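This one's a predicted model, so the numbers in the text were calculated from it and none came from an experiment. FYI, side chains are in, hydrogens and waters are out, and symmetry mates aren't considered; it's all heavy atoms of this structure.
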Amino acid sequence: MGIFKSKAEKEQERKMAVRRSMKELEKRIRKLKDQEKVYINAAQVAEREGLPDQLKLAKEALKMTISERKRTYKMLLNAQIMSQMKDMSAMTNEFLNAIHIISKDIADTTSADMNKLTRELRTAMDKVSEQTESLEDLLEDSQDDVGELSDESALVTDDEIDKLIYGGSSDETGDIDADLEKLRKQLGD
């Protein structure tokens, strides 16, 4: 393999990087869902034991975790949509290139006004190239926007948190020692 990479090799590397990023986002979402369960269980134990400070702490941690999961979902969906849009734009560009070649061949063999068609196809191809650049700019802008998200509480309401804690699945037996042991295992202690 040479020092310089072909356009196809660079595009393949970009696609692999996007897939890798999406896999990491999916993995992060799974971890956050697991962490939500831990905080729900901690809040239920704190409620049962009458520990208001720990209940408040568990609720805040749960709210932050849900907010982060929602933002991560948003990033994943943006990446998937933008990837599809880029693929569609690339396919359109390839199609227009093929049409251009065909029209040029036809123009060489006929006396029809193929020059006009060729100019129109070139104009269309230029527009597709501009669209591709715009999509790439949009991808970069959406990544910048994700970093600017700071209002975590706007993504999750207190009612949602209470519903998860009080309406969620829990070991209803009231066995505090078992609940505490379960929390220790989940937290990795």
Side-chain angles (χ1 to χ4, degrees), residues 1-42 60-106 117-157 160-161 164 168-169 185-189:
M1 186 162 120
I3 296 174
F4 300 104
K5 295 180 182 176
S6 71
K7 187 175 181 179
E9 289 172 324
K10 289 178 183 178
E11 182 62 25
Q12 184 65 25
E13 283 182 359
R14 279 191 286 259
K15 284 183 179 183
M16 286 174 45
V18 168
R19 273 190 241 126
R20 214 174 15 253
S21 294
M22 284 194 263
K23 292 277 185 207
E24 287 299 316
L25 289 171
E26 290 169 354
K27 190 165 111 177
R28 180 70 182 150
I29 289 167
R30 284 191 300 274
K31 286 175 121 178
L32 289 167
K33 283 182 179 181
D34 290 342
Q35 195 61 45
E36 286 174 31
K37 292 174 188 173
V38 170
Y39 292 137
I40 289 169
N41 194 31
E60 285 301 314
L62 181 58
K63 185 182 281 193
M64 288 174 31
T65 303
I66 292 171
S67 295
E68 185 177 346
R69 179 181 45 84
K70 286 182 178 185
R71 278 194 310 277
T72 306
Y73 265 127
K74 187 176 179 179
M75 288 187 282
L76 177 60
L77 291 173
N78 281 342
Q80 290 170 339
I81 291 168
M82 294 300 167
S83 179
Q84 286 291 326
M85 290 173 75
K86 186 175 183 333
D87 289 346
M88 287 187 325
S89 180
M91 273 189 344
T92 302
N93 199 23
E94 287 176 22
F95 170 75
L96 291 175
N97 280 329
I99 294 297
H100 174 72
I101 291 168
I102 292 169
S103 66
K104 190 173 180 181
D105 286 346
I106 292 172
L117 177 60
T118 301
R119 283 191 305 273
E120 290 171 357
L121 287 174
R122 282 183 196 254
T123 301
M125 286 179 15
D126 289 341
K127 288 181 181 179
V128 168
S129 293
E130 290 173 13
Q131 181 185 22
T132 300
E133 290 176 14
S134 294
L135 285 173
E136 289 174 0
D137 290 341
L138 182 60
L139 263 175
E140 289 176 17
D141 289 345
S142 70
Q143 289 174 347
D144 292 341
D145 289 344
V146 168
E148 294 175 9
L149 292 173
S150 63
D151 187 15
E152 294 176 1
S153 62
L155 295 175
V156 184
T157 65
E160 288 177 285
I161 299 298
L164 285 171
S169 62
K185 286 181 183 178
Q186 290 176 337
L187 292 172
D189 290 343

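- By the salt bridge (charged side-chain N to carboxylate O under 4.0 Å, His left out) test, Glu94 is found to be paired with no residue, residues two or more places apart in sequence or in another chain being considered.
- No donor-acceptor pair under 3.5 Å is formed between the side chain of Ser89 and the backbone N or O of Met85.
- When the side chain to side chain contact (heavy atoms under 4.5 Å, CB included) test is applied to Met22, the partners found at least two apart in sequence or on another chain are Val18, Leu76, Ala79, Gln80, Ser83.
- Residues Arg30 and Lys27 have side chains in contact (heavy-atom distance under 4.5 Å, counting atoms from C-beta outward).
- Residues satisfying the side chain to side chain contact (heavy atoms under 4.5 Å, CB included) test with Lys31, not counting sequence neighbours, are none.
- Distance check: Arg71 CZ to Leu25 CG gives 12.5 Å after rounding to the nearest 0.5 Å.
- Closest non-hydrogen pair, Thr65 versus Glu36, comes out as CG2-CG, 3.7 Å.
- The shortest distance between side-chain heavy atoms of Ile99 and Met125 does not fall below 4.5 Å.
- Taking every heavy atom of both residues into account, Lys33 and Tyr73 meet most closely at NZ-OH, 3.0 Å.
- One finds the CG atom of Leu62 at 9.5 Å from the CD atom of Gln35 (value rounded to the nearest 0.5 Å).
- Every side chain to side chain contact (heavy atoms under 4.5 Å, CB included) that Thr92 has, sequence neighbours left out, goes to Leu96, Val128.
- With sequence neighbours excluded, the residues forming a side chain to side chain contact (heavy atoms under 4.5 Å, CB included) with Lys23 are Glu26, listed by chain and number.
- The CG atom of Asn93 sits 9.5 Å away from the CG atom of Asp126 when rounded to the nearest 0.5 Å.
- Atoms CG and CZ, from Asp34 and Arg69 in turn, are 11.5 Å apart once rounded to the nearest 0.5 Å.
- For Thr72, the side chain to side chain donor-acceptor pair (under 3.5 Å) test picks out no residue, with sequence neighbours left out.
- Separation of atoms NZ (Lys10) and CZ (Phe4) is listed at 9.0 Å; rounding is to 0.5 Å.
- For Arg28, the salt bridge (charged side-chain N to carboxylate O under 4.0 Å, His left out) test picks out Glu68, with sequence neighbours left out.
- Using a cut-off of 4.0 Å between Lys/Arg side-chain N and Asp/Glu carboxylate O, Glu160 and Lys70 are scored as salt-bridged.
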Task: side chain to side chain contact (heavy atoms under 4.5 Å, CB included) between Gln84 and Ile81, intermediate numbers included - done: CA-CA 5 Å; Gln84 286 291 326; Ile81 291 168; 5.8 Å; no

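- Applying the side chain to side chain donor-acceptor pair (under 3.5 Å) criterion to Arg14, with sequence neighbours excluded, gives Glu11.
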